[in-house]
There are 2 protein chains.
Amino acid sequence: MSGGGKKVTIRDVARRAGVSPTSVSLVLSGKAASLPEATRERVRRAAQELDYRADLLARSLVTRRTNIIGIVVPDLTNPFFAEAVRHIQPALAERGYDVILCNSEERAENDLRYIRLLAGRSVDGLLLAPSAEAFTEPYSRTLRKLLGELGIPYLFFDRYFEDEPWVAVDNEGSSLLAARYLMEQGHEKIGVITGPLSLNSSRNRLAGVRRAYAERGLCLRSEWVYEGKYDIATGSAGCAELLGRGVSAVFAFSDMQAYGVYAGARRAGRRISADLSVMGFDDSVFSSVLEVPLTTMRQPVRQIAEEACRVLLARVESGETLRPQNFAAQLVLGKSVAALPHEREREKSSQ
Amino acid sequence: MSGGGKKVTIRDVARRAGVSPTSVSLVLSGKAASLPEATRERVRRAAQELDYRADLLARSLVTRRTNIIGIVVPDLTNPFFAEAVRHIQPALAERGYDVILCNSEERAENDLRYIRLLAGRSVDGLLLAPSAEAFTEPYSRTLRKLLGELGIPYLFFDRYFEDEPWVAVDNEGSSLLAARYLMEQGHEKIGVITGPLSLNSSRNRLAGVRRAYAERGLCLRSEWVYEGKYDIATGSAGCAELLGRGVSAVFAFSDMQAYGVYAGARRAGRRISADLSVMGFDDSVFSSVLEVPLTTMRQPVRQIAEEACRVLLARVESGETLRPQNFAAQLVLGKSVAALPHEREREKSSQ
DNA sequence: TTGTACGCGTTATCAC
DNA sequence: GTGATAACGCGTACAA
């Protein structure tokens, strides 16, 4: 009936089935290879009838495994992380793991606090996308020291230290593609709104842009680079700044920032595409509903999420460190990037 | 050093401090009122030096409390829920609770599965926003039966059964305000894109619209009501349908749907505001970056989240059922609602 | 203040 | 080989 019926223990089942608790344990965990089928069946029936469910706490206390993975993300309201968590959670559930989710709100103190807290809960593994702040001193050192001491398998995703295990998109390659595309459309003055440069996701994306410039024998001017924060606000701010520096296109390192660029451009009386081309990064769902759909680099969030789970669980379950696969982002054409006039003419005349 | 140093038990501390494990337990949990300060200090120092941390599993096993709250949301990529979780998590953390988060992906089977799973983990409480499907038979009955049997304190938020404890925005009142506003702008043919009508959030919002009509002696025609799903896709679909029925405005019951309306209107060659007024519900961050900022009803997500935590924890910790406070949404003026011409004239002539 | 039993599965040991 | 018995993990509650 109701009221959380008294818990059924393994001994109740044993009594009912007329065997010892030990046998019940073995049968129910599938390790009773040696027991006669008759016994196993009796145990299973008894367990079924009593609606027995093992107390996970008790089990964990002895096995020292909780089947819980702790996740720390910097900002749940960023669609990229929401989407990532959305894929990670079922991927882990499928393999018998639950998720304790923590949102650091981009504060390194929270990263540390939550990691300690998760460790206190004896999670089996950690999936980390720390705050940008956590990649600066002294947090960075503290974080790595802490992880070393805890002895809990961990994996960074999206944001990472080069020398620690991680899974993320191929940042440099992806932004190289993006920048090349902009240049193919005739843009040679491309403003860049980066994320925090403490993140090598940002640094690597920036490197990709530089490479694209280099390929054409050009150089990215430093006044065309604006360091933002992967959010809408810095997108707007960056846009305002870059517009004054004569860029014909803006490459925002996240779609959130690109949305900010839209707002900033409007405020400045510039039309997206016609007056200012915009490239994003992520392909969040909202990009397609904008009046001028955003041209952006789609991150294969689901693959990244699933790969992260795979790699982390390999470490958790067998201690092996898989070399994670690399993921390329894919160019999604919206209408926010226009070909520059003279480029169109060049194309025409070369036909 | 590194490598997850061997765990320090309460007995280690006791040995070090030269007292009994029991005393250590008492001191560290602050219940050692009677012990001499000297002893307490010794214990604390010993604990500090050994870096003792109680094993939460062992503690939970005996106290039967885990200090974990399970949350089930239907769609993490919906900004409303992402935002809600973002506020809930720290509110609970502040009071010593962690969160296991589950995302049902709008599938009732997952709701049930996750609730069982959370119960298996002996969570102290459940915060539920079930899938729309879960409010239909046979899921609905199963869900309530399950909750009754588990005996775990629970609280519904945003989506709820009238006769169960819940916290949510004042749906009817809020949509009444929204509809009134539209009518004040001269709209008397208002298309409505609802969420699933199995949710009384949707039904109540619809009731609010009907009341607004009634206040003017009018009646909401049934062909102006389109039942959607709180997502972008049904927003577009609903828009397409409603446009053919001569509405001058569309009231979408979520901003996501409103975004879909923007896309649908564009596809149909209608301009937002000029050709079609749009009202949303939620005030998601993206609404302000749209080329035509969305006029929408802002849900006080943070208050709702914090109130939900407060009410649930009251049930968890002292078994009392607080009567939750009511939350009104607030009209946020964008530019997506235009005054109808004849209305403007009326205003002019009445001056 | 402290000894001791307890919570509940699991694992190692031991007898049939 | 088949199954029972006992100890264990670790913090807490209650009696002493």
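Because the structure is predicted, anything quoted here is derived from the model rather than measured. Here is how names work: the chains are called A, B, and so on, in the same order as the sequence lines, proteins then strands, and each is numbered from 1.
- At the heavy-atom level, A/Thr22 lies under 4.0 Å from base atoms of the strands shown.
- Cation-pi contact between B/Arg315 and B/Tyr154: present, with separation from the ring centre below 6.0 Å and deviation from the ring axis of at most 45°.
- With hydrogens and angles left out, the side chain of A/Ser20 and the base of D/dT5 share no donor-acceptor pair within 3.5 Å.
- Between the side chain of A/Ser23 and the base of D/dA4, no donor-acceptor pair of N or O atoms lies under 3.5 Å.
- One can place CD1 of A/Ile10 at 14 Å from C1' of D/dA4, the figure rounded to the nearest angstrom.
- Evaluated for a salt bridge (Lys or Arg N to Asp or Glu O under 4.0 Å) with B/Asp98, the options A/Arg113, A/Arg116, A/Arg121 yield exactly one hit, A/Arg121.
- Listed pair A/Ser60 / C/dG9 fails the phosphate criterion, with no side-chain N or O lying under 4.0 Å from OP1 or OP2.
- Rounded to whole angstrom, the span from the CG atom of A/Leu56 across to the C1' atom of C/dT10 amounts to 14 Å.
- Rounded to an integer number of Å, the gap from A/Leu50 CG to C/dG9 P is 12 Å.
- Protein atom CG of B/Leu57 is 12 Å distant from nucleotide atom C1' of C/dC8, rounded to whole Å.
- When distances are taken from the side chain of A/Arg59 to each of D/dG11, D/dT12, C/dT10, the shortest belongs to C/dT10.
- Taking atom CZ of residue B/Arg15 and atom C1' of nucleotide C/dT2, one finds them 16 Å apart after rounding to whole Å.
- Nearest nucleotide to the A/Val62 side chain, out of C/dT10, C/dT2, D/dT12: C/dT10.
- If you check every strand for non-hydrogen atoms under 4.0 Å, A/Val19 touches sugar and phosphate atoms only.
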_ring-ring contact (aromatic ring centres under 6.0 Å, His included) for B/Phe135 and B/Tyr160? Distances and angles first, verdict last._
CA-CA 8 Å; B/Phe135 289 89; B/Tyr160 50 92; 7.8 Å; no
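- Salt-bridge check for B/Glu306 with B/Arg310: failed, with every basic side-chain N at 4.0 Å or more from each acidic carboxylate O.
- For A/Arg11, no side-chain nitrogen or oxygen approaches OP1 or OP2 of C/dG9 to under 4.0 Å.
- Along DNA chain C, the nucleotide nearest to B/Arg64 and the one nearest to B/Thr39 differ in position, and the one closer to the 5' end is contacted by B/Thr39.
- In summary, A/Arg16 and A/Glu49 engage in a salt bridge, as defined by a charged side-chain N under 4.0 Å from a carboxylate O.
- Rounded to an integer number of Å, the gap from CG of A/Leu26 to P of C/dT11 is 9 Å.
- The CG atom of B/Leu28 sits 9 Å away from the P atom of D/dT12 (whole-angstrom rounding).
- Comparing D/dG11, D/dG9, C/dG9 by their closest approach to the side chain of B/Leu61 singles out D/dG9.
- For the pair A/Arg53 CZ and C/dC8 C1', the interatomic distance rounds to 16 Å; values are reported in whole Å.
- Listed pair A/Thr63 / C/dT10 fails the phosphate criterion, with no side-chain N or O lying under 4.0 Å from OP1 or OP2.
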